[in-house]
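Please read the structure below before turning to the comments.
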Amino acid sequence: MIFKSKANKALDSVEDPRETLDYSYQKQLELLQKVRRGVADVATSRKRVELQIQQLEQQSDKLHNQSRAALGQGREDLAREALTRRSGLQSQIDGLKQQHEQLQGEEQKLTLAAQRLQAKVDAFRTRKETIKATYTAAQAQTQISEAFSGISEEMGDVGMAVQRAEDKTAEMQARAGAVDELLASGALDDVTGSSKDDIQSELDRMASTSGVELELEQMKQELGQGSGGSTPQIEGGSASGGQNNQVQPYRQGEGA
Amino acid sequence: MIVRIMGEGQIDLSEADMELLNDVDRTLEQAIESGSEETFRAALRDLLTKVREHGKALPLDSLEPSQFILPHEDATMEEVRAMLGDEGLIPDVS
């Protein structure tokens, strides 16, 4: 009803009501454009949040794997640290998923609003042409205000819907921006595992340590074989242990 | 009687439907007066659901104005309070 009175006011101020029809039609097309841009904006935000969720989930998987690896190596403390960070990440993911759902809702609402407005704008255009073709000044006011009343109400409603969607999206974009910054700064890498990924480097260190230990163990065994094994028997028991291994190839070399 | 749910579109309601809805409308009004967010949310959802159930969607290309306008489902109590007339959201037709 607010919208109706506005439309009537617009009518009063223009001399030839037919001009008002064209003017209003222009406004309708502009609004339609605006709604479509709104749909595109919301879709962009939705995709951005999707990407963020994906990135955070990757980090979360990584932490999960790290905690398993740590536990495998008997480092429960490290596994606990990884899982703690992972649960912090999870609450962020949950928040983003909620946002994603809201954005999907807004996108759907705006898409439907665009469809409704499009249908009404089309109907208005037809009506406008009919009025113009059969124009008599006496009839025009009533016909035109009839044509206006429905479309202006729709325009008011759609305009407000776009505004609501914009407000909501802007709010979410601000939050998404913060997450983007966090991702870009590498702070999240720190959280999940960089600087340069402290959990990972600890795991790497343990892995390389155990690798070294393993090698050492193997070497010891080889050496052990040398001292107590078969070689001295071939040598006929010269028996000065560890030195044998070095001595033997020497002799072979000399022999050749 | 043509009704608009903001952000959703227009719906055609019979007068019998209107009387049915007046009950829910009163509950909504009371909820707003008491300031209870929970009752308000439920009453608004209830009202809109009933309107959608009983009414018939107007063709999209209709250019008819609505007799009255209902808030969208996410509307805040403040928004709805601003829209309320003396007779609630739905005028008394009887």
Side-chain angles (χ1 to χ4, degrees), chain A residues 1-8 21 24-25 28 32 35 38 101-102 105-128 130-131 142-168, chain B residues 1-13 15 18 21-22 25 28-29 37 40-41 44-45 47-49 51-53 55-93:
Chain A
M1 284 181 245
I2 314 160
F3 312 126
K4 211 181 355 182
S5 65
K6 271 188 190 155
N8 283 332
L21 287 171
S24 169
Y25 185 61
Q28 292 162 28
L32 206 48
V35 184
E101 210 172 293
Q102 282 179 26
E106 288 303 315
E107 196 177 340
Q108 201 187 5
K109 270 189 225 164
L110 278 191
T111 307
L112 289 174
Q115 280 169 10
R116 279 198 308 274
L117 185 60
Q118 177 75 68
K120 282 198 167 34
V121 168
D122 288 345
F124 184 87
R125 193 193 53 228
T126 313
R127 187 83 62 92
K128 168 172 83 84
T130 314
I131 293 172
T142 2
Q143 284 182 348
I144 290 174
S145 77
E146 271 171 17
F148 266 132
S149 48
I151 192 89
S152 47
E153 181 188 309
E154 186 72 41
M155 286 173 72
D157 190 17
V158 168
M160 283 161 91
V162 177
Q163 191 56 50
R164 278 200 300 275
E166 272 175 5
D167 290 349
K168 267 193 197 172
Chain B
M1 193 165 280
I2 297 169
V3 176
R4 169 178 297 271
I5 300 179
M6 284 174 77
E8 279 186 37
Q10 291 171 295
I11 288 172
D12 200 358
L13 286 170
E15 293 209 350
M18 299 279 296
L21 290 171
N22 263 317
D25 192 30
L28 184 67
E29 243 184 310
E37 176 74 30
F40 160 76
R41 253 320 97 234
L44 180 57
R45 201 178 311 125
L47 176 68
L48 296 181
T49 307
V51 170
R52 289 185 203 113
E53 262 174 24
K56 211 174 69 190
L58 219 61
L60 288 187
D61 61 356
S62 143
L63 287 176
E64 289 195 60
S66 310
Q67 256 83 27
F68 56 94
I69 295 173
L70 296 174
H72 59 103
E73 194 155 332
D74 302 330
T76 63
M77 224 191 298
E78 256 339 286
E79 285 175 280
V80 178
R81 194 174 282 143
M83 290 175 73
L84 278 175
D86 292 339
E87 296 180 324
L89 286 169
I90 297 178
D92 205 346
V93 285

Legend entry - Side chain / backbone / both / neither for Ile5(B) at chain A, heavy atoms under 4.5 Å: backbone
Inset, instruction - Please identify each residue that fulfils ring pair (Phe, Tyr, Trp, His ring centres under 6.0 Å) with Phe124(A), with sequence neighbours left out. - result: Phe148(A)
Legend entry - Modelled atom types, side-chain donor and acceptor of Gln28(A) and Ser24(A), under 3.5 Å: yes
Legend entry - Segment of Leu112(A) engaging chain B (4.5 angstrom heavy-atom cut-off): neither
Legend entry - Pairs meeting criterion salt bridge (charged side-chain N to carboxylate O under 4.0 Å, His left out) with involvement of residues 56-69 of chain B, two or more places apart: none
Legend entry - Exercise: identify the closest heavy-atom pair between Leu63(B) and Lys120(A): CD2-O, 3.7 Å
Legend entry - Region of Glu146(A) that comes under 4.5 Å of a non-hydrogen atom in chain B: backbone
